[in-house]
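See below for the structure under consideration.
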Amino acid sequence: MRIIKMIPVLAMIGLLAGCGQETEVYLDSTQQDFVQETESTGASDTEISDTETVGSENASILVYVCGEVNAPGVYELESGMRIGDAVSAAGGFTKAAGQEYWNLAEPLKDGQMLCIPTEEEARERKESYEETMESVSDGRININTADADKLTEIPGIGQTRAQAIIAYRTENGDFTCVEDIMKVSGIKNALFEKMKDFITVG
């Protein structure tokens, strides 16, 4: 009888002993792999992000600045800097520089070459560009602005007639329509029919 009465007591002791044990957390295989990978690297997402940010901030580019600057050469600048910064790095403009030729606020590119022209060169380049745009905008040649060499590209126009066209517009002003070119000596209806699709007055 005494043995039977001790069974409940032993059971209670067993339960109390179990309460003191630590509870194990069971993870599935995917969770276990993630934990092991994190522990092995020892780097958090924040640390990786910080490293990438630092690397991008330290990026640099090389730019060649020449022409009308005080210290021409190749300069290493920070990524994101502007043309004005490159000019400053090269000692600034000379007195003869055409300072408005380049957009100083334009971002720089790695390997870029900046050739600063004189004021006269900048003006000539601008005029040449404008004339080119006028003549190639629709493939036709502007008989009011084209020089003698450009006029000879018109069918039927040689150097003699090109000079005659220039002389006429110098004396009488710009042509108001393409048909006016027939007022130039040596250009009649037959020749005009050959050239009319290749010329414009602007």
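Count residues from 1 along the sequence. Worth saying up front: this structure is predicted, and the values here are computed from it rather than measured.
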**Study point:** Contacts of type side chain to side chain contact (heavy atoms under 4.5 Å, CB included), residue K183, not counting sequence neighbours
**Key:**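 Listed in chain order: Y168, D180.
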Practice item. Could you tell me which residues satisfy side chain to side chain contact (heavy atoms under 4.5 Å, CB included) with N189, sequence neighbours excluded, listed by chain and number? Key: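 Expected list: M182.
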Check your understanding: Are a donor atom and an acceptor atom from the side chains of E78 and S60 found within less than 3.5 Å of each other?
Key ->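 S60 and E78 do not have a side-chain donor-acceptor pair below 3.5 Å.
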Point to revise | Residues which pass side-chain hydrogen bond (donor to acceptor under 3.5 Å, both in side chains) with T94, listed by chain and number, not counting sequence neighbours | key: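 With sequence neighbours excluded, T94 shows a side-chain hydrogen bond (donor to acceptor under 3.5 Å, both in side chains) to E68, given in chain and number order.
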Review point. Any donor and acceptor pair, going by atom type alone, linking the side chain of N144 with main-chain N or O of D174 inside 3.5 Å?
Key: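 It does not hold such a pair.
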Check your understanding: Is it true that a side-chain atom of E127 and a backbone atom of E124 form a donor plus acceptor pair closer than 3.5 Å?
Key ->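 Not confirmed, E127 side chain does not pair with E124 backbone.
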Given side chains that start at C-beta, do those of [X] and [Y] come closer than 4.5 Å, heavy atoms only?
{"X": "L151", "Y": "D147", "result": "no"}
{"X": "T200", "Y": "I141", "result": "no"}
{"X": "L62", "Y": "Q112", "result": "no"}

Review point. Hydrophobic clusters join Ile, Leu, Val, Met, Phe, Trp and Tyr when side-chain heavy atoms are under 4.5 Å apart, directly or via other members; which others share one with Y75?
Key: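 I61, V63, V65, V69, L77, M81, I83, V87, F93, Y101, W102, L104, L108, L114, I116, all in the cluster of Y75.
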Practice item. Evaluate the side chain to side chain contact (heavy atoms under 4.5 Å, CB included) criterion for residues I199 and R140: first the C-alpha distance (whole Å), next the side-chain angles of each, then the deciding distance (0.1 Å), finally the verdict. Key: CA-CA 5 Å; I199 61 176; R140 295 180 293 174; 5.7 Å; no
[X] and [Y]: which non-hydrogen atoms are nearest, and at how many Å?
{"X": "E119", "Y": "A97", "value": "CG-O, 3.4 Å"}
{"X": "Y64", "Y": "V74", "value": "CD1-CG2, 4.0 Å"}
{"X": "A148", "Y": "Q159", "value": "CB-OE1, 4.1 Å"}
{"X": "G67", "Y": "P72", "value": "O-CG, 4.3 Å"}
{"X": "F192", "Y": "V178", "value": "CE1-O, 3.4 Å"}

Check your understanding: To the nearest 0.5 Å, how far apart are CD1 in I143 and SG in C177?
Key ->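 If I round to the nearest 0.5 Å, the distance is 8.0 Å.
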Review point. In Å, rounded to the nearest 0.5 Å, how long is the span from CD1 of I165 to CD1 of I157?
Key: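 It comes to 4.0 Å.
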**Study point:** All pairs passing salt bridge (charged side-chain N to carboxylate O under 4.0 Å, His left out) where residues 189-202 contributes a residue, at least two apart
**Key:**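 Sorted result for residues 189-202: E193-K196.
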Review point. According to the salt bridge (charged side-chain N to carboxylate O under 4.0 Å, His left out) rule, which pairs have a member within residues 153-172, sequence neighbours left out?
Key: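 Sorted result for residues 153-172: K150-E153.
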